[in-house]
Amino acid sequence: MKSLVEYVARSLVDSPNEVSVREVRRGSAVNVILRVAKSDMGRVIGKNGRVANALRVLLKVAAARQGLRATLDVEEPR
Amino acid sequence: MSETRTSLEIIAPTVAEAIQQGLEQLGVHSSQVSIDVLDEGSRGLFGIGARQARVRLTLLTPPPQPPSPLKAEPSTERVSLEEVPPTIQDPTYLRKAEQIVYRLLREMRIRAQVRAFYADQPGPSGEYPIQIDIRGRDLTVLIGPHAETLNALQYLVNLILGKQTGRPIPVIVDVEGYRTRRENQLRRLARKMAEQAIKTGRRQVLEPMPANERRIVHLELRNFQGVTTESIGEEPHRKVTIIPKS
(Lines give C-alpha, C1' and ligand atoms only; values in the text may rest on other atoms or scores of the structure.)
Protein backbone atom coordinates (compact mmCIF):
# COMPACT_ATOMS: atom_id res chain seq x y z
CA MET A 1 0.00 0.00 0.00
CA LYS A 2 2.89 2.24 0.83
CA SER A 3 4.36 1.58 -2.60
CA LEU A 4 1.08 2.42 -4.35
CA VAL A 5 1.04 5.85 -2.74
CA GLU A 6 4.76 6.26 -3.41
CA TYR A 7 4.39 5.40 -7.09
CA VAL A 8 1.48 7.78 -7.69
CA ALA A 9 3.08 10.63 -5.73
CA ARG A 10 6.49 10.26 -7.41
CA SER A 11 4.76 10.20 -10.81
CA LEU A 12 2.99 13.49 -10.18
CA VAL A 13 5.44 15.74 -8.38
CA ASP A 14 8.31 17.86 -9.65
CA SER A 15 10.64 16.67 -6.87
CA PRO A 16 10.24 12.87 -6.65
CA ASN A 17 13.26 12.57 -4.36
CA GLU A 18 11.44 14.50 -1.71
CA VAL A 19 8.53 12.07 -1.59
CA SER A 20 8.40 9.95 1.53
CA VAL A 21 5.68 7.64 2.73
CA ARG A 22 5.22 5.90 6.04
CA GLU A 23 2.62 3.53 7.37
CA VAL A 24 1.23 3.54 10.88
CA ARG A 25 -0.67 0.38 11.64
CA ARG A 26 -3.16 -0.14 14.42
CA GLY A 27 -4.87 -3.50 14.26
CA SER A 28 -6.59 -3.74 10.88
CA ALA A 29 -6.37 0.02 10.34
CA VAL A 30 -3.47 1.47 8.42
CA ASN A 31 -2.74 5.16 8.23
CA VAL A 32 -0.56 6.01 5.25
CA ILE A 33 1.22 9.32 5.61
CA LEU A 34 2.53 10.99 2.48
CA ARG A 35 5.04 13.79 2.61
CA VAL A 36 6.14 15.80 -0.42
CA ALA A 37 8.01 19.05 -1.08
CA LYS A 38 6.02 22.11 -0.14
CA SER A 39 5.86 23.22 -3.79
CA ASP A 40 4.38 19.83 -4.73
CA MET A 41 1.56 19.84 -2.17
CA GLY A 42 -0.93 21.11 -4.71
CA ARG A 43 -0.06 18.33 -7.15
CA VAL A 44 -0.79 15.51 -4.74
CA ILE A 45 -3.86 17.18 -3.24
CA GLY A 46 -5.41 18.71 -6.33
CA LYS A 47 -8.34 21.09 -6.72
CA ASN A 48 -10.85 20.36 -3.97
CA GLY A 49 -8.63 17.46 -2.92
CA ARG A 50 -9.46 15.57 -6.10
CA VAL A 51 -6.07 13.91 -6.56
CA ALA A 52 -5.76 12.86 -2.92
CA ASN A 53 -9.33 11.55 -2.97
CA ALA A 54 -8.74 9.46 -6.10
CA LEU A 55 -5.63 8.05 -4.45
CA ARG A 56 -7.68 7.29 -1.32
CA VAL A 57 -10.17 5.31 -3.40
CA LEU A 58 -7.42 3.12 -4.90
CA LEU A 59 -5.73 2.77 -1.53
CA LYS A 60 -8.98 1.61 0.04
CA VAL A 61 -9.36 -1.09 -2.62
CA ALA A 62 -5.74 -2.21 -2.23
CA ALA A 63 -6.15 -2.39 1.55
CA ALA A 64 -9.45 -4.23 1.39
CA ARG A 65 -7.76 -6.99 -0.62
CA GLN A 66 -5.59 -7.62 2.42
CA GLY A 67 -8.47 -7.33 4.85
CA LEU A 68 -7.35 -3.90 6.01
CA ARG A 69 -8.78 -0.41 6.19
CA ALA A 70 -6.52 2.38 5.03
CA THR A 71 -6.57 6.13 5.40
CA LEU A 72 -4.31 8.64 3.67
CA ASP A 73 -2.91 11.82 5.15
CA VAL A 74 -0.83 14.33 3.25
CA GLU A 75 1.68 16.17 5.40
CA GLU A 76 3.69 19.26 4.71
CA PRO A 77 7.42 18.93 5.31
CA ARG A 78 8.68 20.59 8.45
CA MET B 1 -15.04 23.55 -45.66
CA SER B 2 -16.54 20.22 -46.64
CA GLU B 3 -13.07 18.93 -47.59
CA THR B 4 -12.00 18.82 -43.97
CA ARG B 5 -15.09 17.07 -42.71
CA THR B 6 -14.32 13.62 -41.39
CA SER B 7 -17.66 12.59 -40.00
CA LEU B 8 -21.28 12.93 -40.94
CA GLU B 9 -24.58 12.32 -39.23
CA ILE B 10 -27.54 11.16 -41.27
CA ILE B 11 -31.17 10.81 -40.34
CA ALA B 12 -33.36 8.54 -42.45
CA PRO B 13 -36.38 6.27 -41.95
CA THR B 14 -34.18 3.18 -41.49
CA VAL B 15 -30.59 2.48 -40.50
CA ALA B 16 -29.81 0.95 -43.89
CA GLU B 17 -31.13 3.99 -45.76
CA ALA B 18 -29.21 6.36 -43.50
CA ILE B 19 -25.95 4.51 -44.14
CA GLN B 20 -26.60 4.41 -47.87
CA GLN B 21 -27.31 8.14 -48.01
CA GLY B 22 -24.25 8.92 -45.93
CA LEU B 23 -21.93 6.89 -48.15
CA GLU B 24 -23.33 8.63 -51.21
CA GLN B 25 -22.81 12.05 -49.69
CA LEU B 26 -19.24 11.25 -48.74
CA GLY B 27 -18.63 9.47 -52.02
CA VAL B 28 -16.86 6.55 -50.37
CA HIS B 29 -17.21 2.80 -49.93
CA SER B 30 -18.47 1.38 -46.63
CA SER B 31 -15.00 -0.07 -45.91
CA GLN B 32 -13.62 3.47 -45.70
CA VAL B 33 -15.78 4.59 -42.82
CA SER B 34 -16.67 3.51 -39.33
CA ILE B 35 -20.40 3.41 -38.75
CA ASP B 36 -22.08 4.26 -35.47
CA VAL B 37 -25.75 3.72 -35.13
CA LEU B 38 -26.78 6.58 -32.85
CA ASP B 39 -30.43 5.66 -32.93
CA GLU B 40 -32.00 2.62 -34.51
CA GLY B 41 -35.23 4.49 -34.83
CA SER B 42 -38.59 2.93 -34.17
CA ARG B 43 -41.86 2.55 -36.01
CA GLY B 44 -43.78 3.41 -32.90
CA LEU B 45 -47.20 2.05 -32.06
CA PHE B 46 -49.72 2.83 -34.77
CA GLY B 47 -47.35 5.51 -35.99
CA ILE B 48 -47.26 7.21 -32.59
CA GLY B 49 -43.78 7.85 -31.27
CA ALA B 50 -42.14 6.78 -34.52
CA ARG B 51 -38.54 7.93 -34.73
CA GLN B 52 -36.17 8.05 -37.63
CA ALA B 53 -32.89 6.20 -37.54
CA ARG B 54 -29.71 8.19 -36.93
CA VAL B 55 -26.21 7.04 -37.88
CA ARG B 56 -22.80 8.64 -37.86
CA LEU B 57 -20.20 7.83 -40.50
CA THR B 58 -16.59 8.69 -39.75
CA LEU B 59 -13.94 8.54 -42.45
CA LEU B 60 -11.20 6.14 -41.38
CA THR B 61 -8.52 7.95 -43.35
CA PRO B 62 -9.57 11.54 -43.87
CA PRO B 63 -8.70 12.94 -47.31
CA PRO B 64 -5.57 15.07 -47.31
CA GLN B 65 -6.37 18.73 -46.82
CA PRO B 66 -5.71 20.70 -49.96
CA PRO B 67 -3.24 23.50 -49.29
CA SER B 68 -5.28 26.60 -48.80
CA PRO B 69 -4.25 30.20 -49.28
CA LEU B 70 -6.43 31.01 -46.29
CA LYS B 71 -4.12 29.00 -44.04
CA ALA B 72 -3.26 32.09 -42.00
CA GLU B 73 -6.48 31.85 -40.02
CA PRO B 74 -5.97 32.34 -36.30
CA SER B 75 -5.27 28.96 -34.78
CA THR B 76 -7.19 29.86 -31.66
CA GLU B 77 -10.45 29.88 -33.59
CA ARG B 78 -12.80 27.25 -32.35
CA VAL B 79 -13.80 24.65 -34.87
CA SER B 80 -16.76 22.34 -34.69
CA LEU B 81 -16.29 18.72 -33.74
CA GLU B 82 -16.58 17.50 -37.30
CA GLU B 83 -13.76 19.69 -38.51
CA VAL B 84 -11.12 18.67 -36.00
CA PRO B 85 -8.58 16.51 -37.80
CA PRO B 86 -7.47 13.40 -35.93
CA THR B 87 -4.51 14.16 -33.70
CA ILE B 88 -1.23 12.42 -34.28
CA GLN B 89 -1.67 9.01 -32.75
CA ASP B 90 1.67 8.16 -31.25
CA PRO B 91 2.02 4.45 -30.35
CA THR B 92 4.60 5.24 -27.66
CA TYR B 93 1.81 6.98 -25.72
CA LEU B 94 -0.17 3.74 -25.85
CA ARG B 95 2.73 1.78 -24.36
CA LYS B 96 3.25 4.40 -21.66
CA ALA B 97 -0.45 4.37 -20.77
CA GLU B 98 -0.43 0.56 -20.57
CA GLN B 99 2.59 0.59 -18.32
CA ILE B 100 0.98 3.07 -15.94
CA VAL B 101 -2.16 0.95 -15.65
CA TYR B 102 -0.17 -2.28 -15.20
CA ARG B 103 1.86 -0.67 -12.47
CA LEU B 104 -1.19 0.66 -10.62
CA LEU B 105 -2.93 -2.71 -10.83
CA ARG B 106 0.19 -4.47 -9.59
CA GLU B 107 0.41 -2.11 -6.64
CA MET B 108 -3.24 -2.89 -5.90
CA ARG B 109 -2.51 -6.62 -6.29
CA ILE B 110 -5.00 -7.02 -9.09
CA ARG B 111 -4.17 -9.42 -11.92
CA ALA B 112 -5.62 -8.49 -15.29
CA GLN B 113 -4.86 -8.01 -18.97
CA VAL B 114 -4.42 -4.47 -20.20
CA ARG B 115 -4.72 -3.28 -23.79
CA ALA B 116 -4.47 0.29 -25.04
CA PHE B 117 -5.58 1.68 -28.39
CA TYR B 118 -6.84 4.92 -29.85
CA ALA B 119 -10.61 5.34 -29.66
CA ASP B 120 -12.41 5.67 -33.00
CA GLN B 121 -14.55 8.51 -31.68
CA PRO B 122 -13.25 11.93 -30.68
CA GLY B 123 -13.93 12.98 -27.09
CA PRO B 124 -15.48 16.26 -25.90
CA SER B 125 -12.22 18.12 -26.69
CA GLY B 126 -12.26 16.86 -30.29
CA GLU B 127 -9.11 14.84 -29.61
CA TYR B 128 -9.12 11.06 -30.02
CA PRO B 129 -8.66 9.59 -26.55
CA ILE B 130 -6.53 6.61 -25.66
CA GLN B 131 -8.81 3.80 -24.63
CA ILE B 132 -7.56 1.24 -22.13
CA ASP B 133 -9.42 -2.01 -21.74
CA ILE B 134 -8.81 -4.03 -18.60
CA ARG B 135 -9.96 -7.63 -18.73
CA GLY B 136 -9.81 -10.41 -16.21
CA ARG B 137 -11.72 -12.25 -13.53
CA ASP B 138 -13.40 -10.72 -10.50
CA LEU B 139 -12.78 -7.15 -11.51
CA THR B 140 -15.93 -5.65 -10.01
CA VAL B 141 -13.75 -4.21 -7.24
CA LEU B 142 -12.08 -2.13 -9.97
CA ILE B 143 -15.41 -0.55 -10.86
CA GLY B 144 -16.70 0.19 -7.37
CA PRO B 145 -19.94 1.86 -6.31
CA HIS B 146 -21.10 4.31 -9.03
CA ALA B 147 -17.86 3.48 -10.88
CA GLU B 148 -15.99 5.35 -8.15
CA THR B 149 -12.90 3.15 -8.35
CA LEU B 150 -12.83 3.07 -12.15
CA ASN B 151 -13.12 6.86 -12.31
CA ALA B 152 -10.39 7.34 -9.69
CA LEU B 153 -8.12 5.01 -11.66
CA GLN B 154 -8.90 6.82 -14.90
CA TYR B 155 -8.28 10.22 -13.35
CA LEU B 156 -4.87 9.23 -11.97
CA VAL B 157 -3.82 7.57 -15.24
CA ASN B 158 -4.71 10.81 -17.08
CA LEU B 159 -2.61 12.85 -14.64
CA ILE B 160 0.40 10.53 -14.67
CA LEU B 161 0.45 10.19 -18.46
CA GLY B 162 0.06 13.95 -18.82
CA LYS B 163 3.01 14.50 -16.50
CA GLN B 164 5.16 11.91 -18.34
CA THR B 165 4.48 13.25 -21.81
CA GLY B 166 4.23 16.92 -20.94
CA ARG B 167 0.90 17.32 -22.68
CA PRO B 168 -2.65 16.41 -21.70
CA ILE B 169 -3.76 13.26 -23.50
CA PRO B 170 -7.29 12.09 -22.75
CA VAL B 171 -7.42 8.50 -21.50
CA ILE B 172 -10.55 6.43 -21.02
CA VAL B 173 -10.17 3.39 -18.79
CA ASP B 174 -12.74 0.63 -19.07
CA VAL B 175 -13.15 -2.67 -17.24
CA GLU B 176 -14.83 -5.60 -18.98
CA GLY B 177 -16.84 -3.29 -21.23
CA TYR B 178 -18.49 -1.56 -18.27
CA ARG B 179 -18.52 1.92 -19.82
CA THR B 180 -20.07 0.69 -23.06
CA ARG B 181 -22.80 -1.15 -21.19
CA ARG B 182 -23.41 1.88 -19.00
CA GLU B 183 -23.61 4.14 -22.06
CA ASN B 184 -26.27 1.96 -23.67
CA GLN B 185 -28.17 1.82 -20.41
CA LEU B 186 -28.04 5.63 -20.09
CA ARG B 187 -29.29 6.09 -23.63
CA ARG B 188 -32.26 3.84 -22.99
CA LEU B 189 -32.94 5.63 -19.72
CA ALA B 190 -32.71 9.02 -21.45
CA ARG B 191 -35.31 8.04 -24.06
CA LYS B 192 -37.62 6.49 -21.52
CA MET B 193 -37.53 9.58 -19.31
CA ALA B 194 -37.97 11.87 -22.31
CA GLU B 195 -41.09 9.98 -23.29
CA GLN B 196 -42.24 10.21 -19.71
CA ALA B 197 -41.67 13.99 -19.73
CA ILE B 198 -43.76 14.37 -22.86
CA LYS B 199 -46.52 12.09 -21.60
CA THR B 200 -46.87 13.75 -18.22
CA GLY B 201 -45.93 17.26 -19.28
CA ARG B 202 -43.58 17.40 -16.30
CA ARG B 203 -39.84 17.76 -16.15
CA GLN B 204 -37.97 14.61 -15.26
CA VAL B 205 -34.94 14.86 -13.00
CA LEU B 206 -32.38 12.08 -13.30
CA GLU B 207 -30.03 10.80 -10.60
CA PRO B 208 -26.82 12.77 -10.03
CA MET B 209 -24.18 11.72 -12.57
CA PRO B 210 -20.61 12.63 -13.43
CA ALA B 211 -20.01 14.93 -16.41
CA ASN B 212 -19.22 12.15 -18.91
CA GLU B 213 -22.53 10.41 -18.16
CA ARG B 214 -24.54 13.63 -18.33
CA ARG B 215 -22.99 14.29 -21.71
CA ILE B 216 -24.28 10.95 -23.00
CA VAL B 217 -27.82 11.87 -21.94
CA HIS B 218 -27.65 15.37 -23.46
CA LEU B 219 -26.31 14.01 -26.75
CA GLU B 220 -28.90 11.27 -26.90
CA LEU B 221 -31.76 13.75 -26.53
CA ARG B 222 -30.24 16.53 -28.62
CA ASN B 223 -32.51 15.69 -31.55
CA PHE B 224 -35.35 14.18 -29.58
CA GLN B 225 -38.57 15.97 -30.54
CA GLY B 226 -40.49 17.64 -27.75
CA VAL B 227 -37.90 17.95 -25.00
CA THR B 228 -34.87 19.99 -24.02
CA THR B 229 -32.27 19.02 -21.45
CA GLU B 230 -30.17 20.89 -18.96
CA SER B 231 -27.99 20.08 -15.98
CA ILE B 232 -28.81 21.54 -12.60
CA GLY B 233 -27.08 21.60 -9.22
CA GLU B 234 -23.45 21.61 -8.18
CA GLU B 235 -20.86 18.88 -8.65
CA PRO B 236 -20.86 16.13 -7.57
CA HIS B 237 -24.64 16.27 -7.35
CA ARG B 238 -25.34 17.71 -10.79
CA LYS B 239 -28.36 16.11 -12.44
CA VAL B 240 -29.76 16.13 -15.92
CA THR B 241 -33.27 17.54 -16.15
CA ILE B 242 -35.47 16.68 -19.11
CA ILE B 243 -37.94 19.45 -19.80
CA PRO B 244 -41.00 19.00 -22.05
CA LYS B 245 -41.37 21.77 -24.59
CA SER B 246 -44.66 23.55 -24.04
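Reminder, nothing fancy here: chain letters follow the sequence lines and each chain counts from 1.
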Kindly check if the number of other-residue, nucleotide or ligand heavy atoms within 6.0 Å of [atom1] ([X]) is above 12?
X: B:R238; atom1: CZ; answer: yes
X: B:R95; atom1: CZ; answer: yes
X: B:K245; atom1: NZ; answer: yes
X: B:E235; atom1: CD; answer: yes

**OP:** Identify the two heavy atoms, one from A:S11 and one from B:K163, that lie closest to each other, and give their separation to 0.1 Å.
**Re:** O-CG, 3.2 Å
Original post:
Looking at B:A152 and A:A54, what are the two nearest heavy atoms and their distance?
Top reply: CB-O, 3.6 Å
Check each atom of [X] against the heavy atoms of chain B and say whether the ones under 4.5 Å are side chain, backbone, both or neither.
X: A:Q66; answer: side chain
X: A:R56; answer: neither
X: A:D14; answer: both

Original post:
What residue, out of A:V8, A:V5, A:L12, has the most heavy-atom pairs lying under 4.5 Å from chain B?
Top reply: A:L12
Original post:
OH of A:Y7 to CZ of B:R106: how many Å apart, nearest 0.5 Å?
Top reply: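 Spacing of OH (A:Y7) from CZ (B:R106) equals 9.5 Å.
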Original post:
At what distance, to the nearest 0.5 angstrom, does CG of A:L55 lie from CG of B:L153?
Top reply: 11.5 Å
**OP:** For residues B:Y155 and A:L58, determine if any side-chain heavy atom of one lies less than 4.5 Å from a side-chain heavy atom of the other.
**Re:**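 SC-SC contact between B:Y155 and A:L58 ruled out.
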Subject >> Side-chain touch B:L142/A:V61, heavy atoms, less than 4.5 angstrom >> reply: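 Counting from C-beta outward, B:L142 and A:V61 never come under 4.5 Å.
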Original post:
Taking the side chain from A:R65 and the backbone from B:R109, do they hold a donor-acceptor pair closer than 3.5 Å?
Top reply: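 Yes.
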Original post:
Taking it one step at a time, do A:K60 and B:E148 satisfy side-chain contact (heavy atoms from CB on, under 4.5 Å)?
Top reply: CA-CA 11 Å; A:K60 223 165 57 184; B:E148 180 190 53; 4.0 Å; yes
Original post:
Given A:V57, which of B:L156, B:N151, B:T149 fulfils the side-chain contact (heavy atoms from CB on, under 4.5 Å) condition?
Top reply: B:T149
